Asks: 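Submitted below is the structure of interest, expressed as structure tokens.
Source: prediction; values computed, not measured. Numbering of ligands and ligand atoms starts at 1, following listing order.
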Amino acid sequence: MGNVQAVTSPSEVKVLVIYTGGTIGMTPKDGVLAPEANAFVEGLRKMPMLHDEEYAKKIGLEGNNTLVLPRDSTASRGFWCSSTVEEKTITRLTKTNKRVVYTVLEYSPLLDSSNISIEDWGTIGKEIEKEYENFKGFVILHGTDTMAYTASALSFMCEHLCKPIILTGSQVPIFEMKSDGTDNLLGALLIAGQFEIPEVCLYFCKKLFRGNRVTKVNAESFDAFSSPNLDPLAVADVEISGSGWRADHTAQFHVSTELNRNVGLLRLFPGITTATVTAFLQQPMEGVVLETYGSGNAPNNRPDLLAALKEATDNEVIIMNCTQCLKGTVSASYATGQVLNDAGLISGGDMTSEAALSKLSYVLAKKELDVNAKKKMMGQDLRGEVSYGAKTN
Ligand code: ASP
């Protein structure tokens, strides 16, 4: 991905930007949008909102991949963050006039996020681990299509995280006039540089979300993401205010890149055949997110289908019961939900499918755990991804 230059001054904070691709840096070519290598930093350099050329010259930043934001006059007011979402740390964010100096590491090749794979999550995670001590916070520029998956995966992979990792991107390329890219990048940089948020977050359209709670809900609007079961951690208005940070300062930060690929997502629909379900659950499948109806329901007049599910769980396939609904939680309130408990499924509570799938991938890769310990872990709240249970790291 390239080299990181060190910049040190007490009047500056350093943020590492990992630019993976996505619409934010794309340019039109032959009638479609595609990322263009080595053009992003040069483009940002010409944007006064995102780069203070004069100050950069003063501190000798010319001609490399490190840029500097203009001074943030609102920062001098300081912000209160109260914990209303969870009973966690109440953080007084210190008044800061520090400049955000940011270094852009460009991914090669740049990716439309439809092309992101599990290996890319590992590459991003390892880069953060390598530079963890050198930066105050991290911004990941990513296409919106699979941003919720990457945010969820990184939230599990990053163990004992104490610094902000903020994913963002845009719906319109940043170099176009009516883009949301400038606002999104600027907000993400300020949050990563000036706030104590020890979480993997997604910042979009003025809202800071917990990364493993979001889902992309709109392919056309700037307001592309929703966190249906957890309010935004912060909202950026004239000031930025928010709540609910989670931190674990007890152990060394580590990025776990061991992920299990034998996981899958299956959505129930009326008339789904048992043959389809059985085929889906065959080896090498080890973990499945079953998207069920309403509060976690499935037909209880289909013994064949229920037997197929039971056979899979008996064979140690972990099946998570997650609702197809955007909002709400799985609860065994109906007989049609109870049958899934009986078939050995684990309740996914109010987890998004993206979070449940990446959690499965993370947990199933833990070779030191037996299947019962893995099931237990799937039922726990690991990173604030679900509204029950005790947090573990
Ligand atoms: N297809 C693009 C991507 O996900 C869409 C975007 O960035 O908004 O990379």
Side-chain angles (χ1 to χ4, degrees), residues 1 17-44 47 50 102 104-125 127-128 138-155 165-189 191-192 200-209 211-228 232 236 265 326 352-355 357-358 361:
M1 266 200 263
V17 176
I18 299 177
Y19 167 45
T20 67
T23 297
I24 193 161
M26 288 187 185
T27 42
K29 210 181 198 174
D30 304 328
V32 291
L33 287 171
E36 190 189 333
N38 305 318
F40 191 62
V41 174
E42 286 320 304
L44 295 186
M47 300 176 76
L50 291 166
Y102 62 104
V104 183
L105 274 191
E106 183 167 311
Y107 217 83
S108 180
L110 287 165
L111 298 173
D112 183 300
S113 77
S114 300
N115 292 322
I116 285 274
S117 69
I118 283 188
E119 279 72 35
D120 296 307
W121 297 341
T123 308
I124 297 166
E127 196 62 50
I128 292 173
F138 301 85
V139 170
I140 300 167
L141 294 178
H142 195 287
T144 58
D145 289 349
T146 62
M147 199 188 291
Y149 289 92
T150 301
S152 291
L154 286 173
S155 79
I165 298 178
I166 317 291
L167 285 99
T168 194
S170 68
Q171 291 280 57
V172 174
I174 197 165
F175 304 124
E176 286 188 17
M177 193 171 74
K178 287 186 181 163
S179 173
D180 51 338
T182 307
D183 262 10
N184 289 348
L185 176 54
L186 192 55
L189 285 168
I191 291 165
V200 175
C201 299
L202 188 152
Y203 180 77
F204 219 88
C205 202
K206 301 198 185 305
K207 280 168 277 184
L208 183 73
F209 301 109
N212 54 34
R213 290 294 196 142
V214 286
T215 189
K216 183 173 177 180
V217 289
N218 200 317
E220 287 155 9
S221 163
F222 287 157
D223 207 0
F225 289 92
S226 172
S227 171
L265 267 172
L326 184 60
T352 62
S353 294
E354 291 91 331
L357 189 76
S358 53
S361 190

Asks: How far is atom 1 (N) of ligand 1 from the closest protein heavy atom, and which atom is that?
Replies: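 In this structure, atom 1 (N) of ligand 1 has Asp145 OD2, 2.8 Å as its nearest protein heavy atom.
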
Asks: May I ask you to decide if Phe175's main-chain N or O and Ser179's side chain share a donor-acceptor pair within less than 3.5 Å?
Replies: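 No; zero donor-acceptor contacts below 3.5 Å.
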
Asks: Consider every N or O of Ser170 and every N or O of ligand 1, then say whether any pair is closer than 3.5 Å.
Replies: yes

Asks: Quick one: look up the protein heavy atom nearest atom 4 (O) of ligand 1 and list residue, atom name and how far away it is.
Replies: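 Answer for atom 4 (O) of ligand 1: Ser113 OG, 2.5 Å.
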
Asks: For Asp112 and ligand 1, does the shortest N/O to N/O distance drop below 3.5 Å?
Replies: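 Min N/O separation from ligand 1 is below 3.5 Å for Asp112.
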
Asks: How far is atom 6 (C) of ligand 1 from the closest protein heavy atom, and which atom is that?
Replies: Thr23 OG1, 2.8 Å

Asks: Is a donor on one side and an acceptor on the other found under 3.5 Å between the side chain of Asp180 and the backbone of Val172?
Replies: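 Yes.
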
Asks: Under 4.0 Å, heavy-atom basis, I'd like to know which part of Ala224 is in contact with ligand 1: side chain, backbone, both or neither.
Replies: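 Within the 4.0 Å criterion, Ala224 makes no contact with ligand 1.
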
Asks: Do Lys206 and Asp223 meet the salt-bridge criterion of a basic N to acidic O distance under 4.0 Å?
Replies: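 Lys206 and Asp223: not salt-bridged.
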
Asks: Donor-acceptor pair, distance only, cut-off 3.5 Å: does the side chain of Ser155 make one with the backbone of Ser152?
Replies: yes

Asks: For Gly22, counting its heavy atoms only, list the atoms of ligand 1 lying under 4.0 Å from any of them.
Replies: 7 (O), 9 (O)

Asks: Can you sort out the partners of Ala192 under side-chain contact (heavy atoms from CB on, under 4.5 Å), two or more places apart, ordered by chain and number?
Replies: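 For Ala192, the residues satisfying side-chain contact (heavy atoms from CB on, under 4.5 Å) (neighbours in sequence not counted) are Val15, Val139, Ile166.
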
Asks: Closer than 3.5 angstrom, by distance alone: can the side chain of Asp112 be matched with the main-chain N or O of Asn115 as a donor-acceptor pair?
Replies: no

Asks: Is it the case that the side chain of Asn184 and the backbone of Cys205 share a donor-acceptor pair, with hydrogens and angles ignored and the cut-off at 3.5 Å?
Replies: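 Between the backbone of Cys205 and the side chain of Asn184 there is a qualifying donor-acceptor contact (under 3.5 Å).
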
Asks: Please identify which atoms of ligand 1 are closer than 4.0 Å to at least one heavy atom of Gln171.
Replies: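 Those qualifying, in numeric order: 8 (O).
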
Asks: For atom 8 (O) of ligand 1, grab the closest protein heavy atom and report residue, atom and distance to one decimal in Å.
Replies: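 The protein heavy atom lying closest is Thr144 OG1, 2.4 Å.
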
